[in-house]
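Let me begin by presenting the structure, written as structure tokens, before commenting on it.
Quick note on labels: first sequence line is chain A, next is B, and so on, each numbered from 1. Below, all heavy atoms of this structure are taken into account, side chains as well, without hydrogens, waters or symmetry copies.
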Protein chains: 2
Amino acid sequence: MGESLFAARGYAGVGMREIAASVGLSKSSLFHHFPTKLVFYGEVLDRALERLERALCEETEHPGAPAEQLDHWIASIVGTLAESAPVARLLLRSMVDEDPFPPIEFEPEGRESMPFERRLEAVIDRFRRLLEHGIEEGVFRPVSVGDAIQTTIGAIVFHFASGDLGEALIGEPIFSGSAVERRRQEVSNFIRRGLLA
Amino acid sequence: MGESLFAARGYAGVGMREIAASVGLSKSSLFHHFPTKLVFYGEVLDRALERLERALCEETEHPGAPAEQLDHWIASIVGTLAESAPVARLLLRSMVDEDPFPPIEFEPEGRESMPFERRLEAVIDRFRRLLEHGIEEGVFRPVSVGDAIQTTIGAIVFHFASGDLGEALIGEPIFSGSAVERRRQEVSNFIRRGLLA
DNA sequence: GTCTATACGATGATAGAC
DNA sequence: GTCTATCATCGTATAGAC
């Protein structure tokens, strides 16, 4: 709900009217469920990130060598981003935009609503530990971990957020089965080569 | 003019009033110089991309082995993006946003106003030729060229557009001298390893 | 929960004085 | 070229009927 709209035009680019209309509701009805546009946006972001987090948990629970875990991790993210087109754009926006996150609320009830930024940090932290572990074991090069994470995020997320430009570049729809599978392989190769000692 | 504002909040997130005020003008005066907000935005994008294009031309004119050209290319882009903070965000937005480009105008006078998208295509096409040339020579792996370009763009541009998140990840300001130089090296290593046969 | 009606500031854009 | 109105429209948000 609202995902594809926010993904396409950003937070400020979509009005509550349009979002409501897109699901066959009245604007006022939307405000009955969400007190504020910012809160609503935060919930949309959170739901998208939650899917990614869940996929990551399933895939990375069973431990293994860092290089294999890395591959599982990449496959899991690529798979999740490929599942629904708006997610990558939404995620990229949330990382590039200046601020528009709802402030930490007072947890009106015992909601499990982890704020969006904390959720993102958690995902990234798990990846950081994977890299550090691999470097300690000597299987990964002693790269700058922060930079490696940035490179990985950029390489994976940007592609699925690049819309027409990306489609023009690779010569077929980004979300077609063949393009997704090739992307998984290419990214996996690239990052493994970049990291392995 | 308007670069940092658009970079921070996107096309729809900034009003002409605010832009005008930020340069000590009245909104109406802005509309005297630019017929439409979309045209103005296009001009802002174009100027940013023009700087990147110019830097790229200087750096890549003198030919050499593909691997060295690649390094020059990366250094040139990293240097340009590091020069002014808004550029990377602006560029990333232009690639992620849905549409907001001014339509091809009738070239009211003999202006050199290459439309933004064409300029971007030109830059990317030069990179594509570099990769294809390297693959033909056997110095690069036979990667999917489109995917390699996507990976490179994502790795380079996203980092300098990631603001607070990136700063938290690498533990120092993104645009500090040391962070920029390290980034250049890390990206260079990563991509060279990913591409070299 | 959903709606209509309304409030009111901000938006992009225009007209016209200087 | 710059300004001060002014315009219609859209923005978020609220009140209250059903």
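Residues from residues 3-12 of chain A that place a heavy atom under 4.0 Å from any atom of DNA chain D: there are none.
By the 4.0 Å N-to-carboxylate-O rule, R54(A) lies close enough to E50(A) to be salt-bridged with it.
For F31(B) and dT11(C), the CZ to P distance is 11 Å, given to the nearest whole Å. Atoms OH (Y41(A)) and P (dT12(D)) sit 13 Å apart, rounded to a whole Å. Going from atom CE of M16(B) over to atom P of dG11(D) covers 18 Å, rounded to whole Å. Atoms NZ (K37(B)) and P (dT9(D)) sit 19 Å apart, rounded to a whole Å. The nearest whole Å value for the distance from the CD atom in E18(A) to the P atom in dT12(D) is 10 Å. Atom P of nucleotide dA10(C) and atom CD1 of I19(B) are separated by 16 Å, given to the nearest angstrom. Between the CG atom of L30(B) and the C1' atom of dT2(D) there is a distance of 12 Å, given to the nearest Å.
Listed by chain and number, the residues in a ring-ring contact (aromatic ring centres under 6.0 Å, His included) with F31(B) amount to none (sequence neighbours excluded). In this structure, the side chain to side chain contact (heavy atoms under 4.5 Å, CB included) partners of R128(A), at least two apart in sequence or on a different chain, are E132(A), V145(A), I149(A), L169(B). Residues satisfying the side chain to side chain contact (heavy atoms under 4.5 Å, CB included) test with H33(B), not counting sequence neighbours, are none. Looking at residues two or more places apart in sequence or on another chain, you find a side chain to side chain contact (heavy atoms under 4.5 Å, CB included) between R193(B) and R141(A). The ring-ring contact (aromatic ring centres under 6.0 Å, His included) search around F140(B) returns none, not counting sequence neighbours. Under the rule for a side chain to side chain contact (heavy atoms under 4.5 Å, CB included), E83(B) has no partner lying at least two apart in sequence or in another chain.
Counting non-hydrogen atoms of other residues, nucleotides and ligands closer than 6.0 Å to CG of D125(B) gives a total above 12.
For residues 141-197 of chain B, every residue pair satisfying the ring pair (Phe, Tyr, Trp, His ring centres under 6.0 Å) rule, not counting sequence neighbours, is listed here: F160(B)-F175(B).
Regarding contacts with the backbone of dT14(D), every side-chain N or O of H32(A) stays at 4.0 angstrom or more from both OP1 and OP2.
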Could you pull out the protein-nucleic contacts involving nucleotides 4-8 of chain D (nitrogen or oxygen on both sides, under 3.5 Å)?
{"residue": "dT4(D)", "atom": "O4", "partner": "S28(B)", "partner atom": "OG", "Å": "2.8"}
{"residue": "dA5(D)", "atom": "N6", "partner": "S28(B)", "partner atom": "OG", "Å": "3.4"}

